[in-house]
Amino acid sequence: MIRVAFASDDQAHVNLHFGGGERFVVYDIQPGSAELHGIGEFVPARMKGVNAERRPGEEALPEPEEDPAHPPEDKVAVKIAFLDGCAAVYAASIGVSATKRLMEAGIQPIIVDKGHDILDLLNEVSLALVHGGLGWVTRAVQRRNGDAPDKPKGATIHRLITSVEELD
């Protein structure tokens, strides 16, 4: 059994950014089955910074220096604490800093297209527990069985390819 989380506001689709996500749905997955473990709800996080509303392709503006008297809130720490025990978390997007922190906590960050069905992903992970094919699942099982280091080396982000055009 491995535990996997999904950033979702409807419990059916991965449709939230990790850092700004208000809800995470967590499942315990075994070969042939998945059981809801729990749901974590968080205070809405406003994406901060001058580039928070930047669209893909737009040039990023330089971020202003942080004010030491008013440090930014850490919206990621509480989510990582909630995800303790999870092998992976699926989200529609995950920032670089959050990716690094997830990896350090031994949680594999996985980016999928916004709206991806959670049921499909549960089936994919369940099949991988039996037949392999997802490296992060194999590593999670090895860690659980004591056959691998507790934390993965390097920050690898998995992104599900959904069309041939994305391969170019």
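Note that this is a predicted model, so its numbers are computed, not measured. Just so you know, residue 1 is the first one in the sequence shown, and it goes up from there.
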Nearest heavy atoms of A5 and C86, plus distance in Å
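Of all heavy-atom pairs spanning A5 and C86, the closest is CB-SG, 4.1 Å.
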Which atoms form the tightest heavy-atom contact between S93 and H17, and what is the distance?
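Closest pair (atom of S93, atom of H17, distance): OG-CD2, 2.6 Å.
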According to a hydrophobic-cluster definition based on side-chain heavy atoms being under 4.5 Å apart (Ile, Leu, Val, Met, Phe, Trp, Tyr only), do [X] and [Y] belong together?
X: I80; Y: I111; result: yes
X: V78; Y: F82; result: yes
X: V125; Y: L36; result: yes

Check whether any side-chain N or O of K79 sits under 3.5 Å from a backbone N or O of E22 as a donor-acceptor pair, and report yes or no.
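It does not hold such a pair.
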Which residues pass the side-chain contact (heavy atoms from CB on, under 4.5 Å) test with [X], not counting sequence neighbours?
X: L122; result: F6, Y27, I29, A34, I118
X: A87; result: I2, W136, A140
X: D10; result: S8, A12, H13, N15

Quick one: are [X] and [Y] in side-chain contact, heavy atoms under 4.5 Å?
X: V137; Y: L129; answer: yes
X: Q11; Y: I39; answer: yes
X: Q108; Y: M103; answer: yes

Show, in sequence, the C-alpha distance, side-chain angles and deciding distance for V26 and R3, and conclude whether the side-chain contact (heavy atoms from CB on, under 4.5 Å) test is met.
CA-CA 7 Å; V26 180; R3 186 165 289 158; 3.3 Å; yes
Taking only residues two or more places apart in sequence or in another chain, which ones pass salt bridge (charged side-chain N to carboxylate O under 4.0 Å, His left out) with R23?
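R23 satisfies salt bridge (charged side-chain N to carboxylate O under 4.0 Å, His left out) with E41 only.
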Just jot down the salt bridge (charged side-chain N to carboxylate O under 4.0 Å, His left out) partners of D120, sequence neighbours excluded, or say none.
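Here no residue qualifies.
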How long is the span from the [atom1] atom in [X] to the [atom2] atom in [Y], to the nearest 0.5 Å?
X: D9; Y: L16; atom1: CG; atom2: CG; answer: 4.5 Å
X: Y90; Y: H116; atom1: OH; atom2: NE2; answer: 8.0 Å
X: T99; Y: I107; atom1: OG1; atom2: CD1; answer: 11.5 Å
X: S126; Y: M1; atom1: OG; atom2: CE; answer: 13.0 Å

Who pairs with R101 by side-chain hydrogen bond (donor to acceptor under 3.5 Å, both in side chains), at least two apart in sequence or on another chain?
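Partners of R101 by the side-chain hydrogen bond (donor to acceptor under 3.5 Å, both in side chains) criterion, ordered by chain and then number, come out as D74.
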For E124 and L134: C-alpha separation, side-chain torsions, deciding distance, then whether side-chain contact (heavy atoms from CB on, under 4.5 Å) applies.
CA-CA 9 Å; E124 183 178 274; L134 293 176; 3.8 Å; yes
Partners meeting ring-ring contact (aromatic ring centres under 6.0 Å, His included) with F18 (sequence neighbours left out):
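If we apply the ring-ring contact (aromatic ring centres under 6.0 Å, His included) test to F18, skipping adjacent residues, the hits are F24.
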Evaluate the side-chain contact (heavy atoms from CB on, under 4.5 Å) criterion for residues I110 and V89: first the C-alpha distance (whole Å), next the side-chain angles of each, then the deciding distance (0.1 Å), finally the verdict.
CA-CA 6 Å; I110 304 169; V89 60; over 6 Å; no
